[in-house]
Amino acid sequence: MNRTGLGAALRELRETSGLEAKAVARSAVMSRSKLSKIENGHTAPSVTDVDCILTALGVSAEVKAEYMAAAREAATEVTAWRLVGRLGYSRKQQQIQALESSMSLLRLFQPSVIPGLLQTPEYVRAIFNRKNLTQEQLERTIGARLTRQRVLYAEGKRFRFLITESVLRWRIVSPLMMVGQLDRLVSLSRLPNVAIGIVPFSTRQRDFAGHSFVLKDDRMVTVETGHAELVVTDPRDIALYVDKFDRFSEVALHGDEMRTFVTGIRDAYLREQETG
């Protein structure tokens, strides 16, 4: 099977499963028309599309591996943020949720903002307030991101977050709201399946921050740049990001040392709020 014939093969899989296209499209977080275009070869499916469709179909690990290999023939996919905006940020959150539901290990490096899975509602609102959304779109998008956070409590999943110190000091919200956000970081770091590391300014670095990236198991990396999101699936490129993540992890603060560090910054925000 190659990428060109993937749509027809996905249609055959769906028909064999006995599932209606409408139900599969809903579970895969895409429109019925988009699924139809993919199945009929009018639209080339992205790696994310294929992953979500296969998850919706509930295929075996062996079948999924075969189809994902075909989807990965194109090593890197680029989606401009303006296209994400047209799709809808709430729909994008639902697509990410579908991917997170099918992975076992998530590793995330973030040098700019608190990772979405760890954000408080106030922080989420501040992020999406910058997207020029209508009030209805804003509320729907905030709700979708907060719903994603339930995955942190799912069995059989592990999460490793690396955040630079600059993220903790970046004034996305007011000092009082940052107090609540940093309290949430400390609280979530105590979950048995969640590890949060902070890369401090004072440590000699072994790499350059550059941009954020997310490793989903060892099969996919999503990279956020200023103008677009990149999806990387070539094993050789994935290995580069694994190595980059490990180098930052080696110099990060973890466990009680991390919690003490975050609490110190949190207390500084609180003092600032109290003195006005």
Assess whether atom [atom1] of [X] is packed by more than 12 heavy atoms of other residues, nucleotides or ligands within 6.0 Å.
X	atom1	answer
Glu12	CD	no
Arg171	CZ	yes
Arg150	CZ	no
Lys37	NZ	no

Note to self: Between Val186 and Leu182, does the side chain to side chain contact (heavy atoms under 4.5 Å, CB included) criterion hold? Intermediate values first, please.
What the structure shows: CA-CA 6 Å; Val186 171; Leu182 298 190; 5.8 Å; no
Checklist line | Parallel, tilted or perpendicular, as decided by the 30° and 60° cut-offs, for the rings of Phe109 and Phe248 | finding: parallel
Margin query: Using 30° and 60° as the class boundaries, would you call the ring planes of Phe159 and Phe161 parallel, tilted or perpendicular?
Written below: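 If you compare the ring of Phe159 with that of Phe161, the planes turn out parallel.
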Using the rule that Ile, Leu, Val, Met, Phe, Trp and Tyr join whenever any side-chain heavy atoms are under 4.5 Å apart, tell me whether [X] and [Y] fall into a single cluster.
X	Y	value
Leu168	Leu162	no
Leu106	Leu215	no
Leu152	Val214	yes
Ile127	Ile96	no

Next item on the list: Using modelled atom types only, decide if a donor and an acceptor are shared between the side chain of Gln205 and the backbone of Thr203 within a distance under 3.5 Å.
Entry: yes
Next item on the list: Would you check if the side chain of Gln93 reaches a backbone N or O of Thr141 as a donor-acceptor pair within less than 3.5 Å?
Entry: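 No, the answer is negative, given that no donor and acceptor are paired below the 3.5 Å cut-off.
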Note to self: Using salt bridge (Lys or Arg N to Asp or Glu O under 4.0 Å), reason through Asp217 and Lys157 one step at a time and then give a plain yes or no.
What the structure shows: CA-CA 10 Å; Asp217 295 322; Lys157 297 185 185 299; over 6 Å; no
Does a donor on one side chain and an acceptor on the other come within less than 3.5 Å for [X] and [Y]?
X	Y	result
Thr260	Asp256	no
Thr233	Arg219	no
Gln97	Arg148	no
Asp246	Ser249	no

Notebook entry, point to check: What pair of heavy atoms forms the shortest contact from Lys244 to Asp207, and how long is it?
Noted result: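 What the structure gives for the nearest pair is NZ-OD1, 3.0 Å.
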Checklist line | Residue pair Ala80 / Ala228: nearest heavy atoms and the distance that separates them | finding: CA-CB, 3.8 Å
Next item on the list: Have a look at Leu13 and tell me which of Ile53, Leu19, Val63, Val24 forms a side chain to side chain contact (heavy atoms under 4.5 Å, CB included) with it.
Entry: Val63
Next item on the list: Using side chain to side chain contact (heavy atoms under 4.5 Å, CB included) as the criterion, point out the one residue from Val124, Ile142, Leu138 that pairs with Asn129.
Entry: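 The option that passes is Leu138.
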Within-4.5 Å side-chain heavy-atom neighbours: [X] and [Y]:
X	Y	result
Leu108	Arg160	no
Ile163	Leu118	yes
Leu87	Gln95	yes

Margin query: Let me confirm one number: the CD-CE distance from Glu272 to Met178, rounded to the nearest 0.5 Å.
Written below: 11.0 Å
Pairing of [X] and [Y] as salt bridge, 4.0 angstrom limit:
X	Y	result
Lys216	Asp51	no
Arg145	Glu139	no
Arg107	Asp218	yes

